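First the proteins, then the strands, lettered A, B, ... as listed; each starts at 1. Keep in mind that this is a model prediction, so the values were computed, not measured.
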Number of protein chains: 2
Amino acid sequence: MRLVIARCSVDYEGRLDAHLPLATRLLLVKADGSVLVHADGGSYKPLNWMSPPCTLAVEPATGPHAEAGAVEVWTVKASKTEDRLVVAVHEVLHDSTHELGTDPGLVKDGVEAQLQKLLAEQVELLGEGHQLVRREYPTAIGPVDLLVRSPRGGTVAVEVKRRAEIDGVEQLTRYLQLLNRDPLLSPVEGVLAAQEIRPQARVLATDRGIRCLVLDYDALRGVDDVESRLF
Amino acid sequence: MRLVIARCSVDYEGRLDAHLPLATRLLLVKADGSVLVHADGGSYKPLNWMSPPCTLAVEPATGPHAEAGAVEVWTVKASKTEDRLVVAVHEVLHDSTHELGTDPGLVKDGVEAQLQKLLAEQVELLGEGHQLVRREYPTAIGPVDLLVRSPRGGTVAVEVKRRAEIDGVEQLTRYLQLLNRDPLLSPVEGVLAAQEIRPQARVLATDRGIRCLVLDYDALRGVDDVESRLF
DNA sequence: CACTCAATTTCGATC
DNA sequence: GATCGAAGTTGAGTG
């Protein structure tokens, strides 16, 4: 990654034409050849940029560019389209290059994981008197998202999905069959909890005596927020 | 603008939760306090960021962060929401600050200017035998977008708009009144050319004997591309 | 692989 | 100022 602070003007020709007048900006050249032109404000979006794949060519300024006072001209060309980014560098105030290596990448806690966590904190949504046994309750055929003790003495197995479809019902059914063999847990009810439950999944679940619970992500979060403010 | 290359891990809590494992990245702190975390690849979008308005607090690492090997902890808080970006800095490989000043900002050649340019190159779209006199033909009440010589001996004044509304018709009407006083140009016809012509504008234009021409931007560009390939 | 759809969307124009 | 829609959109998930 190369970082250049330079007085420069920038022209982009491609899906639209755009021009940046002479000013001091950050030119960020990434390892893949992509270039970002950032100002000292605004959002995360650069003033101008070229996405990879592209190639960067740096040449001494000539002709009109040189007459305008430019020292170098950077030409960034997209590999597959006619998009061109031309940076006329007038003065370089900083120039450094750094080895960063490949980034392990962003880990987003998926919505499903969030839902599971939030529902675990609010098991009373399953009905009064319910108590969480544990999240990711291990079984021979895989972990059950939530295992909950019912006030009636039995157990509730909850399958959490962002969007519940038929395979979610099948999965939960398998867990229920297995868990119901355990006299310490039996009888085990099933709950299919999701932001969105597809009609087919709802029909199949209902047919098998599995309860459907539609989760309101924002409401779940809202309660969560209130709780976290209290402590 | 502050540029820091650092080995760091990043956590974002807000509208979603996200985590970046320890790796070497660019931390970009803008004058408005916003922070961008960039890797050495990918698109123009940062791995993580905090949009202004927000505040950045830098403190020595303590507790779990310190145990994990962090030296500093940056906490970026959004001003209005509960969004938080926490950067655990383990090792600083580069740190520099630069004065950039406010950016004059991006100048986009609007679609209107593009349309005018493209139509100027393809005046035959107005009808066979038409010849461009000039773009931005100056008059006492402002420039006419396109002035064109008609094969019938008269002149055509063209008003180009991205989206033509009533005021565009009024504007063109004023030009026509003025231009028609010039015996060298008279008779002067009017053409309202736009990507989209609002029904009211079309009615008014037709009523005043002004021709409406719907422009296909892509088609105009397409022809332009073909031409530029030929030469 | 194409298509759909959300985005910590951002951004500008219009009502 | 709120709302609507496009973006040089990008990016992920699904059929």
Exercise answer: donor-acceptor pairs, residues 47-71 of chain A side-chain atoms, under 3.5 Å, sequence neighbours excluded:
{"residue": "A:Trp49", "atom": "NE1", "partner": "A:Ser51", "partner atom": "OG", "Å": "3.2"}

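Distance check: A:Arg84 CZ to A:Glu13 CD gives 5.0 Å after rounding to the nearest 0.5 Å. B:Leu26 CG to B:Asp40 CG: the interatomic distance, rounded to the nearest 0.5 Å, is 9.0 Å. Between B:Ile210 atom CD1 and B:Leu204 atom CG the span is 7.0 Å, to the nearest 0.5 Å.
Here the C1' atom of nucleotide C:dA7 and the CG atom of B:Asp83 are 14 Å apart, to the nearest Å. Residue A:Tyr12 contributes atom OH, which lies 12 Å from atom P of D:dA7 at whole-angstrom precision. Between the CG atom of B:Leu36 and the P atom of C:dT10 there is a distance of 11 Å, rounded to whole Å. Distance A:Trp49 CH2 to D:dG8 P: 6 Å, rounded to the nearest Å. Protein atom CG of A:Asp17 is 16 Å distant from nucleotide atom C1' of D:dA7, rounded to whole Å. Between A:Leu16 atom CG and D:dA6 atom P there is a gap of 16 Å when expressed in whole angstrom units.
Of the charged side-chain nitrogens involved, at least one lies within less than 4.0 Å of a carboxylate oxygen, so that A:Glu170 and A:Arg208 count as a salt-bridged pair.
Counting any heavy atom pair closer than 4.0 Å across all strands shown, A:Met50 reaches a base atom. Within 4.0 Å (heavy atoms only), B:Ser51 reaches sugar-phosphate atoms of the nucleic acid but no base atom.
Side-chain N or O atoms of A:Arg202 include none that pairs as donor or acceptor with a backbone N or O of A:Cys212 at under 3.5 Å.
Near-neighbour residues of DNA chain D inside residues 38-48 of chain B, defined by a heavy atom below 4.0 Å, number-ordered: B:Ser43, B:Tyr44.
Taking atom P in both C:dC5 and D:dG8, the straight-line distance is 22 Å, to the nearest Å.
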